[in-house]
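Convention: sequence-line order gives letters A, B, ...; per-chain numbering from 1. Since this is a predicted model, take the numbers as computed values, not measurements.
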Amino acid sequence: MLKPLGDRVIVKVQEEEEQTVGGIVLASNAKQKPQTGEVVAVGEGALNDKGDRIKPSIAKGDKVLFDKYAGSEVSYEDQKYLVLHEKDVMAIVE
Amino acid sequence: MLKPLGDRVIVKVQEEEEQTVGGIVLASNAKQKPQTGEVVAVGEGALNDKGDRIKPSIAKGDKVLFDKYAGSEVSYEDQKYLVLHEKDVMAIVE
Amino acid sequence: MLKPLGDRVIVKVQEEEEQTVGGIVLASNAKQKPQTGEVVAVGEGALNDKGDRIKPSIAKGDKVLFDKYAGSEVSYEDQKYLVLHEKDVMAIVE
Amino acid sequence: MLKPLGDRVIVKVQEEEEQTVGGIVLASNAKQKPQTGEVVAVGEGALNDKGDRIKPSIAKGDKVLFDKYAGSEVSYEDQKYLVLHEKDVMAIVE
Amino acid sequence: MLKPLGDRVIVKVQEEEEQTVGGIVLASNAKQKPQTGEVVAVGEGALNDKGDRIKPSIAKGDKVLFDKYAGSEVSYEDQKYLVLHEKDVMAIVE
Amino acid sequence: MLKPLGDRVIVKVQEEEEQTVGGIVLASNAKQKPQTGEVVAVGEGALNDKGDRIKPSIAKGDKVLFDKYAGSEVSYEDQKYLVLHEKDVMAIVE
Amino acid sequence: MLKPLGDRVIVKVQEEEEQTVGGIVLASNAKQKPQTGEVVAVGEGALNDKGDRIKPSIAKGDKVLFDKYAGSEVSYEDQKYLVLHEKDVMAIVE
């Protein structure tokens, strides 16, 4: 199991063939290609100036929309994961 | 439904043929091409240093003027949306 | 009507033929070409760290001097406007 | 009359033929060519984080030494002026 | 023995042949190649604005996932070590 | 007389023939060529966030070691001076 | 004697032939070549926002590991020294 640090989240990437989540088709965009996935682990949050954790706005199980070029890819038991900073997550798909 | 995170807003983009909102015609400008649209969802706001949310100045239903090259495009049920940061919204069209 | 957000101001651009405001002729300068105009709308001001608005130093009706390359141009009823950040306004012409 | 905003000062530029102020001859320097001039107007000062003005260290009438490539040039009644940020003024010539 | 300063950690690098830690195979990624290793020493933590140490989230003995191109390599008794900043550690492998 | 502003100091540059101060010979270094000189004037110090002056660590008469490429050169009565920011002074030669 | 200012330290550079300190052989690394040396002088520390000195984590006599390309070289009585910022020191060799 991977435990992300700070403001990181780990996302199980949606396969490109299945890229319509809840009916959303992502437009191709040369600059930024958003993708969707499911959050499988969330860090404790970044530290603020006083040393307290900033509670993440994202929870395990959320479907999220993120920038394709953000984060670092790892694979685990034939599933691709992405380690993202919370700021790279644009929206939650409800 | 997309729920934007932090200081993001989701805008329903005005078609280019309909680019006069309230009589405003946007001048062509090589550097920055502003566009208009209607806000369909607003995030809870960015976090300040104390961990409180900064209330967004934009509300659902506002007609807004934004920089064409800002944000990330997604499409949903044949309508283009743009995920923008609040700072990329220049003005509200009243 | 356009309502600028945050620290933005909207300026009615002075035509280049009329570029002497109060007798001031702007020197040509390869790096920065200042221009003048009249402020037609002012935002509520930027937010400081405590979430309070910073009162703008510029008011509606002020004649201002700004950098020609700053801001985004829009036109409305055959009049060009410029959406500027307050920091891009160099001086008030009195 | 020009009223500079924030931390800006307006300087009446010393002609290059008269570039010795109080006996100081400015050395040629490929990177930075300092120049002298007389301050004709001073802004109210930049705002600090609490919203108070930071009192400028420069007063009207001061002879100042500044970087030639800093600021924006304007001319008024056949006299060149320079709009500078206070931080671009290196020293007061006494 | 090396005692890292501030927010640095020293990691005993996992050999590339042994790059599956707990069954995780790291995907090749042109931009960022994550690697794993074991933490052998942790600094006292960075200083916050008040001069207090920010307690590191990583402890000696943790298996960590980090960006291959981060940090500086040193070798000690035929073992490669990497001196990393804590922010370059993406996740703890549990 | 030149009165430096803020965190600036004015240094009387040591001639290159006399570049051994107290027996120190400065090594040639392609990236940074330190030089020595004597401080002839010190500014009141930079302003901190509260508007108080930060007392300079350098005093008039100090022999200082600085980066050759830092600062702006001026000459006054056949003597070269350098206007430096305090942060560009590396060490005091005692 | 050189007295470093602020957060600087002065390090007596370890000769390259003697680059194993306590048995540590530094690996060649195209990006960053760490080196070792002995601290001979430490500044009073950087100033924090309140104007207090941040106590350095390094003391005179410490053996330190630093990035070869950091700092400025000076030589004194046939010994090379390096003037480094504390943040460029990676670890203390104990």
(request) Given side chain to side chain contact (heavy atoms under 4.5 Å, CB included), test C/Met90 with D/Ser72 step by step and report yes or no. (result) CA-CA 9 Å; C/Met90 295 192 301; D/Ser72 296; 3.6 Å; yes
(message) Distance check, rounded to the nearest 0.5 Å: D/Lys3 atom NZ versus C/Asp62 atom CG?
(response) 7.5 Å
(request) Under 4.5 Å heavy-atom distance to chain D, tell me which part of C/Ile92 shows up: side chain, backbone, both or neither. (result) both
(message) If you compare all heavy atoms of C/Ala91 against all heavy atoms of D/Pro4, which two are closest, and at what distance to 0.1 Å?
(response) CB-CA, 3.9 Å
